[in-house]
Amino acid sequence: MAIRLLPPVLVNRIAAGEVIERPAAAVKELVENAIDAGASRIDITLKDGGQALIAVVDNGGGMTADELSLAVERHCTSKLPDDDLSRIAALGFRGEALPSIGAVSRMRIVSRPPSCDSAWEITIEAGQKSAPAPTGHPPGTRVEVRDLFFATPARLKFLKTPRTERELAVDAVRRLAMAYPGISFTVIGDDERVLLRLAAAAEPAMAIARRVRLAALLGRDFAENSVEIDAARSGFRLCGLIGLPTLNRALPRDQYLVINGRPVRDKLLVGAVRGAYQDVLARDRHPIVALFLDGPPDEIDVNVHPAKAEVRFRDAALIRGLIVGALRNALAAAGHRASSTFPQPVATPSLAFAESANDFLRPVAVAPLAPAETLLGTARAQLHGTYILAETASGIVLVDQHAAHERLVYERMKEALAARGVARQALLLPEVVELDEAGAARLAARAEELAEFGLLLEPFGPGAVVVREVPALLPGLDVRSLVRDLADELAEWGDALALKERIETVCGTLACHSSVRAGRHLSPPEMDALLRQMEATPNSGQCNHGRPTYVALDLADIERLFGRR
């Protein structure tokens, strides 16, 4: 068959398949255009999940008749003034969204610049556009998309229920709203039902505005149980809020990353967050995070995905290190916080660490600690053989003795591993593991780091490694599976998480079995010793699985319960 040039309408429909795969993608592109136009108010209407109607109205800069005619042509944009793809500052820079949407729907655009007396209207149906015509409209732009994918019926078969498509579209707006707290957003669904309404943040300080917007989007629990991030490295700055380990989810869907104002779904974030929380959260639980990364545009390639949903960094290791380091430091600085009602940590005298698990319950030499001077107060009673009741200067604290002791033992094990390294056990017969050459090379390059965790391996010709020693903590280890998992993780995340997690899981299991059990009677000195060790131990606000080790009630809260306030 002879090579031929495809007709423009078909080219636009092919582009639509890459850029507009569902109503949510159309909503995202249109809202991005409104943001780029400088809008301070954006209203979205969805009918039948967006398939019957998507209407986006903004009060932005608007377009003249000539600009309106160009806007629906492929590769026409106002957002690359110097034609430099390495320094992209706008959200919708490709010039493909409007013609792609118009190729598979019935689209109408009405627009008016603030400096003009009248508006102009243009329509596009299945790629065929009309000439601009004068009409009435306030300054700004209105885009109506009706009967999405009517020109490509096969695409309709792949859409989900209207409710699911509506939720995906609202999520796209939520992500953009997260990045732009200075803009008000409203989403209206069927029967004029308000699906989302966000007022523009009045606070001039971006950190405060973001916190207000995140509280509106992710809930008050997140706002009250999160810590702030603010870190910088090599021209990049990372800000945002991250949830305490005790505020977690079964799925990682509440993890958000905004890069230079662009919401993205990036595997780098998932891996970095997993690495940062791996010590304070069970593997099957996921924290809530909202991170905002700003950096030099020429260090970030946003042109790697047709829908602009992914980015690529020139130095991915730098970004991953920045995220992991910032999150770990923030979690450490949060001290013992594990709930919105917890008191803030205060300075405590240096305490001597016990030498064994049972020593945690023995009285230790400490300076006199009245309730007013300690975080967890003075033990007053043991309840149901499980909980320690302590009195503080401002209220009471209930401690789960097993969960608390489990964290103390686990931290001591980690301390010992850091000081003496992971004990290794030599294999009677060294294990040769065959991989692809790239995987083997990655493992060989990180051999020194892996040896610190008890895995001694070395290259064994092209595309293979030989394992000579394994961590003694992991008896019966499937060496081949572990090595292949490590090779995959080094390729995906740039870090050998699997080995660290397996060792830490064993340590966590040992800590759980060697810690104080629920039901064991503790004397007052033993209870006080446990409280003092908690105050001196990192991450003691939650156990190894992300559950709180204690809860605190302020005296004011107690007085409200009894009607005294």
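Side-chain atoms of Ser226 and Arg211, non-hydrogen and from C-beta on, do get closer than 4.5 Å to each other. Considering only heavy atoms from C-beta on, Glu29 stays 4.5 Å or farther from Ser100 through its side chain. Taking the side chain as every heavy atom from C-beta outward, Glu228 and Asp230 never approach each other to under 4.5 Å. Looking only at side-chain heavy atoms (C-beta outward), Val433 and Leu457 stay at 4.5 Å or farther from each other. At least one side-chain heavy atom of Leu159 sits under 4.5 Å from a side-chain heavy atom of Phe149. Taking the side chain as every heavy atom from C-beta outward, Leu318 and Leu322 never approach each other to under 4.5 Å. Residues Phe313 and Leu293 meet the side-chain proximity criterion, which asks for heavy atoms closer than 4.5 Å. Side-chain contact between Asp43 and Ile188 is absent, with no heavy-atom pair separated by less than 4.5 Å.
Across Pro113 and Met63, no two heavy atoms sit closer than the pair CD-O, 3.3 Å. When every heavy atom of Asp58 is checked against every heavy atom of Gly60, the shortest pair comes out as OD1-N, 2.7 Å. In terms of heavy-atom proximity, Ala215 sits nearest to Ala223 at CB-CB, 3.6 Å. Here the shortest heavy-atom pairing between Gly61 and Pro114 reads O-CD, 3.1 Å. In this structure, Gly261 and Ala179 approach most closely via the heavy-atom pair O-CB, 3.9 Å. Looking at every heavy atom in both residues, Ile54 comes nearest to Pro23 through CD1-O, 3.8 Å.
Between the Gln255 side chain and the Val289 main chain, no donor and acceptor come within less than 3.5 Å of each other. Without hydrogens or angle criteria, Arg213 side chain to Ala199 main chain gives a donor-acceptor distance under 3.5 Å. The backbone N or O of Pro245 sits less than 3.5 Å from a side-chain atom of Asn248, completing a donor-acceptor pair. Judged by distance alone, with hydrogens and angles left aside, the side-chain atoms of Glu469 form no donor-acceptor pair with the main-chain N or O of Gly454 at under 3.5 Å. Checking side-chain atoms of Asp147 against main-chain N and O of Phe150 turns up no donor-acceptor pair under 3.5 Å. In this structure, Arg484 contributes its side chain and Leu435 its backbone to no donor-acceptor pair below 3.5 Å. Distance alone, capped at 3.5 Å, is enough to place a donor-acceptor pair between the Asn59 side chain and the Arg41 backbone. No donor-acceptor distance shorter than 3.5 angstrom exists from the side chain of Arg166 to the backbone of Leu46, with no hydrogens or angles considered. With Asp48 contributing its side chain and Pro162 its backbone, the two residues share no donor-acceptor pair below 3.5 Å. No donor-acceptor pair under 3.5 Å is formed between the side chain of Lys129 and the backbone N or O of Ile122.
In Arg197, the CZ atom is not crowded: 12 or fewer heavy atoms of neighbouring residues, nucleotides or ligands sit closer than 6.0 Å. Annotation: Glu434, atom CD; neighbour count of heavy atoms from other residues, nucleotides and ligands within 6.0 Å does not exceed 12. No more than 12 heavy atoms of other residues, nucleotides or ligands shown are found within 6.0 angstrom of CZ on Phe460.
The line from CZ of Arg220 to CG of Asn225 is 10.5 Å long, rounded to the nearest 0.5 Å.
Look at Glu125 and Arg106 and you find a salt bridge, because one of the NZ, NE, NH1 or NH2 atoms lies within 4.0 Å of a carboxylate O, short of that distance.
The one candidate from Arg253, Lys28, Arg265 that meets the salt bridge (Lys or Arg N to Asp or Glu O under 4.0 Å) condition with Asp171 is Arg265. When each of Leu268, Val273, Val270, Val264 is paired with Leu257, the side-chain contact (heavy atoms from CB on, under 4.5 Å) condition holds for Val264 and for no other.
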